[in-house]
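FYI, side chains are in, hydrogens and waters are out, and symmetry mates aren't considered; it's all heavy atoms of this structure. Remember, it's a predicted structure, so these values are computed and weren't measured experimentally.
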Amino acid sequence: MSPTAARLRRRPWPKRATLVLILLGVLALLSALAFLTIGARGSWGFVLAFRGQRLLALVLVAYCISISTVLFQTVTRNRILTPAIMGFDALYVLVQTAIAFFIGIHMLALVDPHLRFLGEVAIMVGFSALLFRWLFLGEERSVHLLVLVGIVFGILFRSLSTFMQRLLDPNAFQVLQDTLFASFGSVDTTLLGLSYTLAAAATLVLWRLGRVLDVLALGRDQAINLGVEYARTVLAILGIISVLVAVSTALVGPVTFFGLLVASLAHALVGHSRHRDVLPAAALLGVIALVGGQTVLERVFHFDTALSVIVEFLGGAVFIALVLRGAAR
């Protein structure tokens, strides 16, 4: 064997996770390029600026949903749960319905978008902060109680929303319905600066907590034995989840199963649960799904269907598969 061949044989091959991240990065870049260029006509300056803003919005939504789902599954130690189980989507619907019911549907269009966005984010983050703080005041309280209370609040919010919607004028109800479903094709790009600022602040806090995420995945007792301030750390992570979910929900509307879809695929492709690989893999998969899916929807199907319907269908199928696999075990 020649010296060159011997050196090549001794050189370690890249890890599976590294190869997966490189492949996902390339696919995400190709999806972004396709979204920007396919079917473009007229002035490239106008086309790239217009599509670039929409691309930034889709990337931000994919990042927020995927990262928040992985973090929530880490805290709860359950692969079939998403932040939607906490009632964030139901709270968003309740806020929109309450505005239409008490103030009038015309206020949805008259209120400044930035003030409305900040108000929605503040309400959702404030609700989660009060809930998390109350549940973690005592040592005996657990994340499982948090999930149970979140489900109860979600049912309460949906019941109140349904009651008010039944009392609305039919025309007002029809206008309200347009705001209650996720729409990836009509994101308000004027909110991007504020949204990226909030997401960046949450990411900075997450970066400082990155070393303890794998320890938290071991469970409460193991994390405490290894020196992690469990309650404070979990509260900080739940706060990050609240901000990310609030930003994505206020931008595009409630999304239930998309995070479950990309998180499950990320774990399957990476092959382990280390967050330094799973988090970027989930974010890249989210970008590929949203940007690539929106490109196909617009250029191939010509808006014949909604991307949110397809995404939620696939995510629901993954949820059922995970539940059946867990029951079989």
Side-chain angles (χ1 to χ4, degrees), residues 24-69 92 96 108-122 124-125 178-204 243-255 258-259 262 280 282-312:
L24 292 179
V26 172
L27 291 176
L29 181 59
L30 292 176
S31 299
L33 291 176
F35 182 82
L36 291 173
T37 58
I38 293 180
R41 298 177 181 177
S43 173
W44 279 101
F46 171 78
V47 171
L48 293 180
F50 175 73
R51 293 189 180 184
Q53 291 180 342
R54 295 184 56 209
L55 175 63
L56 290 175
L58 290 174
V59 169
L60 178 61
V61 171
Y63 172 83
C64 290
I65 295 177
S66 58
I67 297 298
S68 61
T69 301
Y92 174 83
Q96 302 298 321
L108 291 175
L110 295 179
V111 175
D112 182 77
H114 293 83
L115 292 178
R116 178 180 169 186
F117 177 79
L118 284 176
E120 293 170 353
V121 172
M124 286 185 279
V125 173
D178 294 336
T179 66
L180 301 184
F181 295 97
S183 176
F184 298 108
S186 58
V187 181
D188 189 353
T189 56
T190 61
L191 302 174
L192 285 180
L194 187 57
S195 301
Y196 267 94
T197 300
L198 294 174
T203 303
L204 180 61
V243 173
L244 295 179
V245 172
V247 168
S248 65
T249 304
L251 276 177
V252 300
V255 181
F258 176 69
V262 295
L284 290 173
L285 281 168
V287 172
I288 294 170
L290 287 190
V291 178
Q294 192 66 29
T295 303
V296 173
L297 176 66
E298 295 180 5
R299 309 305 165 207
V300 178
F301 296 103
H302 304 289
F303 296 99
D304 286 340
T305 185
L307 179 61
S308 58
V309 175
I310 300 174
V311 168
E312 294 293 75

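By the side chain to side chain donor-acceptor pair (under 3.5 Å) test, T197 pairs with no residue at all, sequence neighbours left out. In this structure, the side chain to side chain contact (heavy atoms under 4.5 Å, CB included) partners of T69, at least two apart in sequence or on a different chain, are I65, Q73, T82, P83, A263. Checked against side chain to side chain contact (heavy atoms under 4.5 Å, CB included), A34 has the following partners two or more places apart in sequence or in another chain: I38, T295.
For A283 against I67, the heavy-atom pair with the smallest separation is CB-CD1, 4.3 Å. Shown here for L244 and A202, the closest heavy-atom pair between the two residues is CD2-CB, 4.1 Å.
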Side-chain polar contacts of residues 24-33 - donor-acceptor pairs under 3.5 angstrom, sequence neighbours left out - could you list them?
| unit_1 | atom_1 | unit_2 | atom_2 | d |
| --- | --- | --- | --- | --- |
| S31 | OG | L27 | O | 2.8 |

Name each donor-acceptor pair under 3.5 Å that joins a side chain in residues 55-62 to protein atoms two or more places apart or in another chain, with its distance.
none

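Taking CG from L290 and OH from Y63, the interatomic distance works out to 15.0 Å, rounded to the nearest 0.5 Å.
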